[in-house]
Asker: 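The following block contains the structure, expressed as structure tokens.
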Protein chains: 2
Amino acid sequence: MSKNKIARLFAVRRIVNKYVIASQEELLNKLQQEGFKATQATLSRDIKELKIAKVPNPETGYQYVNPEALENATFKNFDPSVVGGTGIRSLAYSGSLAVIKTQPGYASVAASLVDSNHVGDIIGTLAGDDTVLLVIREGVDREFITNRLAVIFPDIRNLLL
Amino acid sequence: MSKNKIARLFAVRRIVNKYVIASQEELLNKLQQEGFKATQATLSRDIKELKIAKVPNPETGYQYVNPEALENATFKNFDPSVVGGTGIRSLAYSGSLAVIKTQPGYASVAASLVDSNHVGDIIGTLAGDDTVLLVIREGVDREFITNRLAVIFPDIRNLLL
DNA sequence: CGAACTATTGCATAATTTTGCACCGTGTTT
DNA sequence: AAACACGGTGCAAAATTATGCAATAGTTCG
């Protein structure tokens with residue numbers, strides 16, 4: 001396997017994880033911005049090799065996602081407004097971390113909700129009993145993260161510390 | 001929603017569950033065998049509505065899968081050449097933190113592996129269910145950390161996001 | 001080194017999927 | 001009853017994705 005290909009495959013995974021990519025053309029653009037040289041045909045093969053799936057996404061039409069993201073996915077159409085309160089008490093940022101405080105016992109629920117929503121720029125979550133730690137990709141705007149979280153927890157903006 | 005459509009949507013889900021469907025044409029055939037009357041265009045819309053994903057499948061090329069099926073069997077065991085057998089799924093950095101995602105339940109195993117290897121520049125680890133947070137000493141090079149982790153998880157470099 | 005293989009990729013094209021538009025059927029309002 | 005609103009669908013075209021083939025780069029073996 002050529003060095004070039006290996007590097008490109010990594011980049012594809014990273015980009016798919018970080019951005020909402022709706023088409024191979026779009027992925028191609030991102031790759032070219034990073035200096036990679038390839039064609040859509042090659043990406044089609046890369047995607048097949050990496051087992052990256054194309055899934056419908058209500059907001060953007062479609063989205064490519066890495067296989068390990070799918071394994072955890074609960075694609076159940078979860079509507080928090082139906083469930084009532086989400087147990088969230090506050091949201092605060094520090095550096096590239098966000099901390100969500102919840103009602104006691106609700107942290108893991110909140111964390112898995114975040115996980116299953118595939119926010120690419122949240123690279124990991126850790127839940128205690130009443131606290132969820134979110135690790136955010138460097139350089140990502142907090143406002144953007146808040147917006148994404150607001151999709152999951154509609155009232156979270158009111159709880160921003 | 002017309003009665004027809006409802007029945008068809010259920011049938012689509014059932015068929016996708018039961019057979020390995022590689023294209024919408026194929027799905028259309030199955031539906032027609034059951035007496036449904038539709039066109040491929042309609043199926044494209046149904047698939048979008050049902051959030052059925054198109055994923056690469058080593059045997060048949062591609063396969064449509066129901067969203068909740070993704071949680072369970074189908075993808076649990078994907079190509080080890082892409083992923084590897086340590087339960088590790090990805091590694092990402094942000095600031096002085098590293099996040100390792102694992103198969104569900106593997107996080108504490110991974111964390112104790114890291115702990116027992118005494119990487120001095122990893123000043124602490126925290127494990128959830130499928131996420132390990134590594135706190136890294138300030139100023140330490142990520143490449144160095146990755147190298148040390150690669151001793152424990154040989155293929156982790158392939159999983160760097 | 002050179003021949004023989006193998007892997008990778010672009011190009012062109014085929015195959016597949018998505019979508020704009022028009023139309024139809026059903027239910028609702030005036 | 002006529003006019004209207006709306007979801008659902010087919011048709012055809014656009015958009016996107018997959019792939020056969022040939023050229024090139026990289027590897028292995030004698």
Side-chain angles (χ1 to χ4, degrees), chain A residues 1-13 15-16 19-67 70 75 77, chain B residues 1-16 19-67 70 78-82 155 158:
Chain A
M1 197 140 71
S2 79
K3 201 161 184 180
N4 227 357
K5 181 177 176 187
I6 294 177
R8 191 186 60 242
L9 290 180
F10 288 162
V12 167
R13 279 178 52 81
I15 290 170
V16 163
Y19 303 99
V20 176
I21 301 294
S23 73
Q24 296 180 6
E25 288 296 337
E26 206 174 316
L27 177 57
L28 183 58
N29 288 339
K30 295 281 186 194
L31 280 169
Q32 288 174 339
Q33 281 175 24
E34 296 195 9
F36 287 95
K37 184 176 153 300
T39 61
Q40 172 272 323
T42 296
L43 293 192
S44 173
R45 295 178 181 117
D46 287 353
I47 282 170
K48 191 170 187 175
E49 183 167 346
L50 292 170
K51 299 190 177 42
I52 291 173
K54 185 185 189 184
V55 308
N57 172 320
E59 295 165 31
T60 61
Y62 295 85
Q63 175 176 3
Y64 285 95
V65 305
N66 282 315
L70 286 180
F75 274 84
N77 280 337
Chain B
M1 191 135 78
S2 81
K3 203 160 185 178
N4 234 351
K5 181 177 175 186
I6 293 177
R8 191 186 59 241
L9 290 182
F10 277 110
V12 167
R13 279 179 52 80
R14 184 167 38 72
I15 290 171
V16 163
Y19 304 97
V20 175
I21 300 294
S23 74
Q24 295 180 7
E25 288 295 338
E26 207 175 316
L27 176 57
L28 183 57
N29 289 339
K30 295 281 186 194
L31 279 170
Q32 288 173 341
Q33 280 175 25
E34 296 196 10
F36 286 95
K37 184 177 154 300
T39 61
Q40 172 273 324
T42 296
L43 293 190
S44 173
R45 294 179 181 113
D46 287 353
I47 282 171
K48 190 170 186 175
E49 186 168 343
L50 292 170
K51 298 190 176 46
I52 291 174
K54 185 187 188 182
V55 308
N57 172 320
E59 294 162 32
T60 60
Y62 295 87
Q63 175 176 4
Y64 284 95
V65 303
N66 282 315
L70 293 176
F78 47 84
D79 193 341
S81 68
V82 176
D155 48 359
N158 299 338

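In the text below, chain A, chain B and the rest are named by the order of the sequence lines, each starting its count at 1.
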Asker: Check every atom of C/dT19, D/dT19, C/dG10 against the side chain of A/T42 and return the nucleotide holding the closest atom.
Answerer: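 The answer is C/dG10, which lies nearest to the side chain.
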Asker: Atom OH of B/Y62 and atom NZ of A/K51: how far apart are they, to the nearest 0.5 Å?
Answerer: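 So the gap between those two atoms works out to 10.5 Å.
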Asker: Give, for atom OH of A/Y64 and atom NZ of B/K54, the distance between the pair rounded to the nearest 0.5 Å.
Answerer: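 A/Y64 atom OH to B/K54 atom NZ measures 7.5 Å (nearest 0.5 Å).
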Asker: For B/F36 and B/A11, work out which heavy atoms get closest and say how close.
Answerer: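 Result for this residue pair: CE1-CB, 3.5 Å.
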Asker: So which heavy atom on A/R13 is nearest to which on A/N66, and how close?
Answerer: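 Reported closest heavy-atom pair: O-ND2, 3.0 Å.
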Asker: Side chain of A/S44 only, please: which of C/dT19, D/dT19, C/dG10 is the nearest?
Answerer: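 It is D/dT19.
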Asker: For A/L50 and A/P67, which heavy atoms make the closest approach, and how far apart are they?
Answerer: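 Result for this residue pair: O-CG, 3.4 Å.
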Asker: Does A/K54 place a side-chain N or O at less than 4.0 Å from the phosphate oxygens OP1/OP2 of C/dT17?
Answerer: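 No, outside the criterion.
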Asker: So, for A/Q24 and A/L43, which heavy atoms are closest and what is the spacing to 0.1 Å?
Answerer: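 For A/Q24 versus A/L43, the nearest heavy atoms are O-CD1, 3.6 Å.
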Asker: Grab the two heavy atoms, one from A/I21 and one from A/K30, that are nearest each other, plus how far apart they are.
Answerer: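 Here A/I21 and A/K30 meet closest at CD1-CG, 4.1 Å.
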Asker: Taking CD from B/Q63 and P from C/dT17, how many angstroms apart are they, rounded to a whole number?
Answerer: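 Spelled out: CD on B/Q63 to P on C/dT17 is 13 Å.
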Asker: To the nearest Å, how far apart are A/K5 NZ and C/dT8 P?
Answerer: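 The distance from NZ of A/K5 to P of C/dT8 comes to 4 Å, rounded to the nearest Å.
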Asker: Tell me which nucleotide among D/dC11, C/dG10, C/dT17 gets nearest to the side chain of A/K37.
Answerer: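 Side chain of A/K37 sits closest to C/dG10.
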Asker: Find the distance A/L50:CG to D/dA18:P and express it as a whole number of Å.
Answerer: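 For the pair A/L50 CG and D/dA18 P, the rounded distance is 13 Å.
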Asker: Counting only non-hydrogen atoms, which of residues 19-30 of chain A are less than 4.0 Å from DNA chain C?
Answerer: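 Contacting residues: none.
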Asker: Let me know the distance between CD of B/E49 and C1' of C/dT17, rounded to the nearest Å.
Answerer: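 To the nearest whole Å, that distance equals 17 Å.
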Asker: Please state how far atom CG in B/L43 lies from atom C1' in C/dT17, giving the value in whole angstrom units.
Answerer: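 So the two atoms are 11 Å apart, to the nearest Å.
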Asker: If I take atom OH in residue B/Y62 and atom P in nucleotide C/dT17, what distance separates them, rounded to the nearest angstrom?
Answerer: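 For the pair B/Y62 OH and C/dT17 P, the rounded distance is 11 Å.
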Asker: Whole angstroms only, please: what is the CG-C1' distance between B/L31 and D/dT9?
Answerer: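 Nearest whole value for this atom pair: 15 Å.
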Asker: Grab the two heavy atoms, one from A/P56 and one from B/I52, that are nearest each other, plus how far apart they are.
Answerer: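 Minimum heavy-atom separation between A/P56 and B/I52: CD-O, 3.3 Å.
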Asker: To the nearest 0.5 Å, what is the distance between NZ on A/K37 and OG1 on A/T42?
Answerer: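 Separation between the atoms: 9.0 Å.
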Asker: Can you tell me if B/Y64 touches the phosphate of C/dT16, counting only side-chain N or O atoms and a distance under 4.0 Å to OP1 or OP2?
Answerer: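 Indeed not, no polar side-chain atom of B/Y64 lies that close.
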Asker: Under 3.5 Å, which protein N or O atoms sit close to an N or O of nucleotides 25-28 of chain C? Give each pair with its distance.
Answerer:
none

Asker: Hey, mind stepping through B/I47 and B/L27 against side chain to side chain contact (heavy atoms under 4.5 Å, CB included) and telling me if it holds?
Answerer: CA-CA 10 Å; B/I47 282 171; B/L27 176 57; 4.2 Å; yes
Asker: Which residues satisfy the side chain to side chain contact (heavy atoms under 4.5 Å, CB included) test with B/A41, sequence neighbours excluded?
Answerer: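 Applying side chain to side chain contact (heavy atoms under 4.5 Å, CB included) to B/A41 gives B/T39, B/R45.
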Asker: Would you tabulate the nitrogen or oxygen pairs shorter than 3.5 Å linking the protein to nucleotides 20-22 of chain C?
Answerer:
| unit_1 | atom_1 | unit_2 | atom_2 | d |
| --- | --- | --- | --- | --- |
| C/dG20 | O6 | B/R45 | NH2 | 2.6 |

Asker: Say you draw a straight line from CD of A/E26 to CD of A/Q40; how long is it, rounded to the nearest 0.5 Å?
Answerer: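 Taking CD in A/E26 and CD in A/Q40, the distance rounds to 13.5 Å.
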Asker: Check the distance between C/dG10's P and A/Q40's CD and give it to me in whole angstrom.
Answerer: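 Rounding to the nearest Å, CD of A/Q40 and P of C/dG10 are 11 Å apart.
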Asker: On DNA chain D, compare the nucleotides closest to A/K48 and B/T39; which residue's is nearer the 5' end?
Answerer: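 Per heavy-atom nearest nucleotide, the more 5' residue is B/T39.
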Asker: Output all residues satisfying salt bridge (Lys or Arg N to Asp or Glu O under 4.0 Å) with B/E34, sequence neighbours left out; order by chain, then residue number.
Answerer: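 Here the qualifying residues are B/R14.
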Asker: End-to-end bend of the helix from C/dC1-D/dG30 to C/dT30-D/dA1 (five-pair axes, 10° rounding)?
Answerer: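 Axis-to-axis angle, ends of the helix: 30°.
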